[in-house]
Number of protein chains: 2
Amino acid sequence: MAEQQGDAETSGGPRRGDRRPTMTDVAQRAGVSRALVSLVFRDAPGASDRTRERVFQVAEEIGYRPDSAARMLASSRSKVLGVLLTVRNPFHADMVESIYPVAERRGYEILLSAASPSRDERKAVDALLGHRCAGLLLLGPTLPSSYLAELGRKLPVVALGRRFPGADVDSVHTAEAKGVREAITHLVELGHRSIAHIDGGRGPGSAERRRAYRAAMRKHGLTEYIRVLPGDQTEESGSAQAKVLLAEGSRMPTAVLAGNDRCALGLLDAVWREGLQVPGDLSVVGYDDSHLAHLSHIDLSTVRQDPDRHAALAVQCVVDRLDGVRDGAEEFVLDPKLVTRGTTGPPRSSGIMSA
Amino acid sequence: MAEQQGDAETSGGPRRGDRRPTMTDVAQRAGVSRALVSLVFRDAPGASDRTRERVFQVAEEIGYRPDSAARMLASSRSKVLGVLLTVRNPFHADMVESIYPVAERRGYEILLSAASPSRDERKAVDALLGHRCAGLLLLGPTLPSSYLAELGRKLPVVALGRRFPGADVDSVHTAEAKGVREAITHLVELGHRSIAHIDGGRGPGSAERRRAYRAAMRKHGLTEYIRVLPGDQTEESGSAQAKVLLAEGSRMPTAVLAGNDRCALGLLDAVWREGLQVPGDLSVVGYDDSHLAHLSHIDLSTVRQDPDRHAALAVQCVVDRLDGVRDGAEEFVLDPKLVTRGTTGPPRSSGIMSA
DNA sequence: GCGCTCTACTAGCGCGCTCTAGCACCGACG
DNA sequence: CGTCGGTGCTAGAGCGCGCTAGTAGAGCGC
């Protein structure tokens, strides 16, 4: 009763529904064995240059493309890295763009899985596991440490932008404290004293940034100006806190260190909208240097976390583990760098000389 | 000579490096055949409820998870849809979030592949094909029509947000003309006459929007006010055109229809920054209603393209083709809807009565 | 002639799964 | 008693590939 179209042999180009060509097809047409074709496509030694060329040519002709599924099935050691991201996060977007070329250079494919309000990170990770990823890169995961530890026991995992002490997983993140310290010092040198911080809530790096902010302020003798406003690394929280600050009129801080760039953006929009001048009335520093920050009309001073270096390190990290080079959990800490652009300047009313 | 670890039976939880459990493991431990386990996991008829339960329980115990790679290899009909997106595009992010639940409901997995400046769309599509996707959803592809046609011959493809007359692929997009018309009518009713349009360049839907803008302006007898500013659907182009407009002082248009939300955002930022009031000095309408638009501090009037409906239609479209329900290329046109928020209002100087 | 190494290639098993064909057993019916 | 249809299960053949073991042939030294 099984019905077939069954006439796939005859005519020219591939049509919808035609079986896609396999290695066997290439082998037959090139007059060699299947194994030889496999060799060629794996770029393994043992085939003459002439044959190699011939195989590639035939493959091109019939539109052959190796089947990753079969490939990873056959070689249990799959060449696929899974990436967990939050699809709306611009910094994650930057990271993904950086990850692709690095992984490719190392001979790995990338599989993306997005977490979102309707699809939690566990589910996204499950999908990656189902596809036989050899290792996982987790971008700013909010998964519980215990789950991560369990995951780390199954396959090499690296968390980006977040530390997981205790869990046996590698992590790559920036020295948050250093970035924050540089930002505060920059603002203080410009003459600011009342510098507030909009918190990043439970977001990656937030706890460290918050601590570092307090420490830096104390170091500059500005303990009395310490002020942490609640937030959550979104534009919404930036604009919400802007409203709070704007309501204070002249008692408003002269500078704000936002929890990340998105938060800074929300803040800027709200402040601009009220007709205030940046940096004249308020200086703003972001965190991440996502591509939003360099847009010319935003021109945000921010703390740069180099996505390329993050990506390179993270991929290296997982690949090394897969190759059995390393074993214990390691923490890679990158130095962030303050990038001063147009949103920071001396406060209008208090000159540098006032100190 | 084949060496085995062979002690997988004994100890407790899985350790790194342990072979991941397979169907055979589950079968053995549950005292049934491998085929039975397969049945159960495919939710196919032919197993008693008691056995079903037992199998699931054992699977849970040993942490079994079906291997999608092997699965799609075995059943040539893979249950995977590939999604091509531009990782930085917020509207794409919205779409992806909508696609996941719809696909899941239809029993399909989703594989994401991101295009970026360093990784062109062809490459991204190739990766999807390599993973045996049964069908493809292309978000705002900029691929040449001929390539798409070729792709469409190999597997069901649906393009979102862009029409491809000629190529044998389905498409889902909004009635751009209708959205633009509504937007212009809204502005005209508010009393605007000098309404400019920032073009979306070669972006999806731009050509249609440009044409519709011209037509709508003519329809309202505002031919002499028609003004199309060059752009490309990015924040940059929005802010760049803002500078052009601001330089014109009082001869500036009183309203702008941006090519998309991102462009509108760039425009807004630049305008706010110059201390102008929105909508007092300038009304702005976006296009997409990406999540940026509803952020409270942006509160952008925009033309809504419902991502949920787009996603549902697109997935349905591909799935139907896979099931052999439809055959010819079809075009699904959704009605967009103007959402009036805080960036549109009557122009300051010219009242409604002036007409 | 023999044995050796080196290159270029092939045979064939098995990765973890799906799926068709078929088997054992049950109660019902003539 | 024999045959039927149905239920619950199993055997086993692949899916497209990687990879190990092996083979054929050429070249070389003695």
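Note on naming: letters A, B, ... go to the chains in the order of the sequence lines (proteins, then strands), and numbering restarts at 1 for each one.
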*Main-chain N/O of A:Pro141 paired with A:Arg162 side-chain donor or acceptor, under 3.5 Å*: yes

*Find the distance A:Asp67:CG to C:dG16:C1' and express it as a whole number of Å.*
14 Å

*CD of B:Glu53 versus C1' of D:dG8: gap in Å, rounded?*
17 Å

*Check the distance between C:dT18's P and A:Leu73's CG and give it to me in whole angstrom.*
12 Å

*For A:Thr51, report the nucleic acid contact type (base, sugar-phosphate, nothing); a contact means any heavy atom under 4.0 Å.*
sugar-phosphate

*Starting at CG of A:Leu143, measure out to CG of A:Leu151 and round the result to the nearest 0.5 Å.*
8.0 Å

_Counting only side-chain heavy atoms from C-beta out, which of D:dG18, D:dT10, C:dT10 sits nearest to A:Arg42?_
D:dG18

*Starting at CG of A:Leu39 and ending at C1' of D:dC17, how long is that distance when rounded to a whole Å?*
12 Å

*OP1, OP2 of D:dC9 versus side-chain N and O of B:Ser48: anything below 4.0 Å?*
yes

*For the side chain of A:Arg34 and the base of D:dG18, is some donor closer than 3.5 Å to an acceptor across the two?*
yes

*asked:* So B:Pro66, base contact, sugar-phosphate only, or nothing? Heavy-atom distance under 4.0 Å.
replied: sugar-phosphate

*asked:* Heavy atoms only, 4.0 Å cut-off, all strands: where does B:Ser38 land among base, sugar-phosphate and nothing?
replied: base

*Would you check if the side chain of B:Asn89 reaches a backbone N or O of B:Thr86 as a donor-acceptor pair within less than 3.5 Å?*
no

*For A:Ala47, report the nucleic acid contact type (base, sugar-phosphate, nothing); a contact means any heavy atom under 4.0 Å.*
sugar-phosphate

*Mind checking what makes ring-ring contact (aromatic ring centres under 6.0 Å, His included) contact with B:Tyr64, not counting sequence neighbours?*
B:Phe41

*Any side-chain N or O of B:Ser75 less than 4.0 Å from the OP1 or OP2 oxygen of C:dT18?*
no

*How many Å lie between CE on A:Met72 and P on C:dC17, as a whole number?*
13 Å

*Would you indicate what A:Arg52 reaches in the nucleic acid, counting non-hydrogen atoms under 4.0 angstrom: base, sugar-phosphate, or nothing?*
nothing

*asked:* Quick one: does any side-chain atom of A:Asp308 pair with a main-chain N or O of A:Ser98 as donor and acceptor, under 3.5 Å?
replied: no

*Please state how far atom CZ in B:Arg132 lies from atom C1' in C:dG16, giving the value in whole angstrom units.*
13 Å

*Pair A:Ser118, B:Glu97: side-chain N/O donor-acceptor within cut-off below 3.5 Å*: no

_With a cut-off of less than 4.0 Å, is there a side-chain N or O of A:Arg71 near OP1 or OP2 of D:dG16?_
no

*Side-chain contact test, heavy atoms from C-beta onward, threshold under 4.5 Å: evaluate it for B:Arg65 versus A:Asp126 and give yes or no.*
yes

*Identify which nucleotide among C:dG16, D:dC19, D:dG16 has an atom closest to any side-chain atom of A:Ala70, counting heavy atoms from C-beta outward.*
D:dG16

*Using a cut-off of less than 4.0 Å, is there contact between a side-chain N or O of A:Ser33 and OP1 or OP2 of C:dT10?*
yes

_Given D:dT10, D:dC15, C:dT10, identify the nucleotide with an atom nearest to the side chain of A:Leu36._
C:dT10

*Can you check the B:Met23 CE to C:dG14 C1' distance for me, whole Å?*
17 Å

*In degrees rounded to 10°, what angle is found between the helical axes fit to the five outermost pairs at each end of the helix from C:dG1-D:dC30 to C:dG30-D:dC1?*
70°

*Do the side chain of A:Arg132 and the main chain of B:Asp67 share a donor and acceptor less than 3.5 angstrom apart?*
no

*Whole angstrom is fine here: how far is it from CZ in A:Phe41 over to C1' in D:dC19?*
17 Å

*For A:Arg50, answer base if it contacts any base atom (sugar-phosphate contacts may also be present), sugar-phosphate if it contacts only those atoms, and nothing otherwise; contact means non-hydrogen atoms under 4.0 Å.*
nothing

